[in-house]
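Keep in mind the model is a prediction, meaning the values are calculated, not measured. Here is how names work: the chains are called A, B, and so on, in the same order as the sequence lines, proteins then strands, and each is numbered from 1.
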Number of protein chains: 2
Amino acid sequence: MREHGAASTTPGRVGDVRRQNLALVLGNIGPDTRATRADIAAATGLTKASVSSLVAELLETGLVEELGVTRDGERGRPGVGLALDARRGALGAEINVDYLAVGVVDLHGTLRFHEVADAENRGRDAEDVLGELSALARRCVEAAQTAGVTLLGGGLAVPGLVNPARGTVLTAPNLGWRDADLSTALGGLIPDAPFGVVLSNEANSAALAELWYGHGASLRDYLFISGEVGVGGGLVIGSELFAGPQGYAGEVGHVVVEPGGRRCSCGGRGCLETVAGQEAILAAAGITDGGSTTAARMSALQAALGAGDAQAMSAVERAGHYLGIAVVSAGRLVDLSAVVLGGHFAALGTWIRPALLSSLDGFAPGLVPADRVAFSELGTTAALRGAAGGALLRALAAPYELLP
Amino acid sequence: MREHGAASTTPGRVGDVRRQNLALVLGNIGPDTRATRADIAAATGLTKASVSSLVAELLETGLVEELGVTRDGERGRPGVGLALDARRGALGAEINVDYLAVGVVDLHGTLRFHEVADAENRGRDAEDVLGELSALARRCVEAAQTAGVTLLGGGLAVPGLVNPARGTVLTAPNLGWRDADLSTALGGLIPDAPFGVVLSNEANSAALAELWYGHGASLRDYLFISGEVGVGGGLVIGSELFAGPQGYAGEVGHVVVEPGGRRCSCGGRGCLETVAGQEAILAAAGITDGGSTTAARMSALQAALGAGDAQAMSAVERAGHYLGIAVVSAGRLVDLSAVVLGGHFAALGTWIRPALLSSLDGFAPGLVPADRVAFSELGTTAALRGAAGGALLRALAAPYELLP
DNA sequence: CCATATAGTTCAGAACACATACTAATTCCC
DNA sequence: GGGAATTAGTATGTGTTCTGAACTATATGG
């Protein structure tokens, strides 16, 4: 048994125990659960003494606040309620092909401020786009400041493959970006953010937004599929994003669903994107007015569907059929039995759902029950919420970073 | 941000640090690396004092032995070489449709004893099969005893979905088993094994065998595809098996590769198994002698291929084509760029490889380079080696279990 | 008003890694 | 051949952290 890498590669120090327990205690404090020190001791298995000491340190970080004595009418001394402090938050931002979005999410999960600006970013220079984004962000940061919300960090989601560690976009085909270095722009978005601003993939961030602020309440494991100009995705497994060896997992848009099908921009053939991407659906629906924006044509498609247009219906049903194939393949491979659809799939939910269900039933009866096929309700704020949530999670996982 | 489960759910105690460091030190000791305490201190970042103390405890477990002073001609006091003790091993076993296999693997990764017995287990009673397996196992256990190899634990691999915690087979379609409880039989295989005998899926175990004893030397992340009567698989990501939420990940046999294709035994349609399973390949090759065993017909197929039979060639090429589709879909979803093929695919490697490569190139050029398409060389011992290796890894991950 | 129950704090004790100083064993070089 | 230099491994005191038991604080119930 060579290279039985059974354990981590870093030595455990005694201090690591405290770091783990700080995060553990913090994980038992919610936005409004009013958990007391005694509750936490019971829930975690730590002694009251340890919890007291850990909570004292968490109060210092500013992530947690005391709500005062909870009089619940029970016998005995009442405990002091603890909750995450809503005066801490993070910035979330998204660059997409046809809009920019920025917002602030606090530790209670509330979207406190946000701005969405229509834009036509396809082929536009990265520096140019980032300038516009920075202006939007500055307004949000100032609004947070005046409202007394301290920003701990932030996230920026883009529709492409990214290297979060370096702050670079390897490739964003629909924006026309290759090897774009956004690290300095990211650093400038929030002054003195202890957890920095991190780059992420748009579909991955939207998948996480769904976990934290959407259907995640009832789902711990699912495939998220984001329909935009391209088709992206994210795998959420055990309430965590499964990133894969290189961080590019979840690329469901290039799963092969029609072996004899059309060539794809990725160089392959029969990818899901070639039959369920915006352009493919619009073309199949016969909505081919190249002059208007993609967003406008999507609205036209919805209007046609509302009017019962047969060609539009069959185009969407076709997309649902192929979506089902991709979901089944993903379900078998990664052991998933739930799917959440976002982006344009959410907007087309009413019409796409029956075809998707029938496809699922045909290709893998019983694998994905109908009540585990969900549609996102987060709209254009999904990715920014996920990006902000990621920053909040970094803070909650490493609260000791906020101590002297 | 509700339920931000940022950390583990168990409290960290001071003693956990030692457990982690025991495993960390052990992870730096190989079969014959002759690592010294000083080497380990340098590699792990622990101090020499800590390493000395940890090594002393590991020597007590019997997993590690001192090889004596290493005279390397360098200046300074020579160190004492440390290595995993080959006198510790584990039992591995496999029940498959047409054979039983049992063996003992020691901590150096050497297969010390093994027996493979042909059998026709399809539809045979579980108790009956386990009786025969136990007899084979008893011989191996005795051989280990007389050779001075102490068995720490074991593993049994079966072609089906299993619940390792309970020791039950939920379903093994090709054996005809449903809800079979093997826990008592497992417990009886090795007397007083400190790490027990654990049930596993055959393809998953074979995937791990490949990691530890096969192509894993050069691959940390890959999809393993096992061609048997059914088509199974396993995902190895970051040098670990990715089991998925319920433990059923890697079921590549039921990825949809031919949407308009045949019905599958799983109830679906167009699954990989319907075009690349043994029966499918044999039927397409025109080798339809229902009287002889599947194994005999596979030999006939190889003979036909060797003779250049056109129908046999096109049958295998077809399987390779569809294998490529499944590999591409898996690669996109889970971010993989390597594949290892085992079972009958390994036996057909010479003929299947060109079709697979051309399929990969057609559906996702550049995703899986030709030098990352490998074929297993472990034959019928793959699953038993993986099952034994799993037991060894449990011991290496929790050496403190062997201390008083 | 006192018994009882629950919340939270204080303090001694044990476990552990670390830093430093030590002993042990080898090679280098005059 | 013998001392200097070098490297391996051990011994000891210190700081951190959890635990458990005793203690204080604050409520309800009769």
*Asks:* State, yes or no, whether a side-chain contact exists between A/Leu208 and A/Asn204 at a heavy-atom distance under 4.5 Å.
*Replies:*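 No, too far: nothing below the 4.5 Å cut-off.
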*Asks:* So, does A/Asn21 get its side chain near the phosphate of D/dT17, meaning an N or O under 4.0 Å from OP1 or OP2?
*Replies:*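 No, outside the criterion.
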*Asks:* In terms of side-chain geometry, is the basic nitrogen of A/Arg19 or A/Glu401 positioned less than 4.0 Å from the acidic oxygen of its partner?
*Replies:*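 Salt bridge between A/Arg19 and A/Glu401, a charged N being under 4.0 Å from a carboxylate O: no.
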*Asks:* Are B/Tyr213 and B/Val105 packed together at the side-chain level, in the sense that at least one heavy-atom pair is separated by less than 4.5 angstrom?
*Replies:*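 Yes. Closest side-chain heavy atoms under 4.5 Å.
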*Asks:* So which of residues 37-57 of chain B are in contact with DNA chain D, with a heavy-atom cut-off of under 4.0 Å?
*Replies:*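 Those residues are B/Arg37, B/Ala38, B/Lys48, B/Ala49, B/Ser52.
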*Asks:* Rounded to whole angstrom units, what separation is found between the CG atom of B/Leu24 and the C1' atom of C/dC16?
*Replies:*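 Rounded to whole Å, this separation is 15 Å.
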*Asks:* Just the atom pairs and distances: protein N or O near nucleotides 26-28 of chain C's N or O, under 3.5 Å.
*Replies:*
| from | atom 1 | to | atom 2 | distance (Å) |
| --- | --- | --- | --- | --- |
| C/dT26 | O2 | B/Gly76 | N | 3.3 |

*Asks:* Do you know which two heavy atoms are closest between B/Leu46 and B/Leu54, and how far apart they sit?
*Replies:*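 The pair with the smallest heavy-atom distance is CD1-CD1, 3.9 Å.
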*Asks:* Tell me the interatomic distance from A/Arg18, atom CZ, to C/dC16, atom C1', rounded to whole angstroms.
*Replies:*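 Roughly 16 Å, once rounded to whole Å.
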*Asks:* Are A/Arg13 and C/dC16 close enough that a side-chain N or O sits under 4.0 Å from OP1 or OP2?
*Replies:*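 Answer no for this pair, as no side-chain N or O of A/Arg13 is under 4.0 Å from OP1 or OP2.
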*Asks:* Would you say the side chain of A/Asp16 lies within less than 4.5 Å of the side chain of A/Thr10, judging by non-hydrogen atoms?
*Replies:*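 Sidechains of A/Asp16 and A/Thr10: no contact.
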*Asks:* Applying a 4.0 Å non-hydrogen cut-off, can you work out what A/Val14 is touching in the nucleic acid: base, sugar-phosphate, or nothing?
*Replies:*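 Touches a base.
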*Asks:* Can you check the A/Asp16 CG to D/dC18 P distance for me, whole Å?
*Replies:*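 Atom-to-atom, A/Asp16 to D/dC18, this comes out as 11 Å.
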*Asks:* Do B/Glu210 and B/Val236 make a side-chain contact, defined as non-hydrogen atoms from C-beta onward lying under 4.5 Å apart?
*Replies:*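 B/Glu210 vs B/Val236: side chains apart.
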*Asks:* Using the side-chain contact (heavy atoms from CB on, under 4.5 Å) criterion, which residues pair with A/Gln246? Sequence neighbours excluded.
*Replies:*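 With neighbours one apart ignored, the set is A/Tyr248, B/Asp335.
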*Asks:* Over all heavy atoms of both residues, which pair between B/Leu26 and B/Leu396 is shortest? Give the atoms and the distance, please.
*Replies:*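 Between these two residues, the closest heavy atoms are CD2-O, 3.4 Å.
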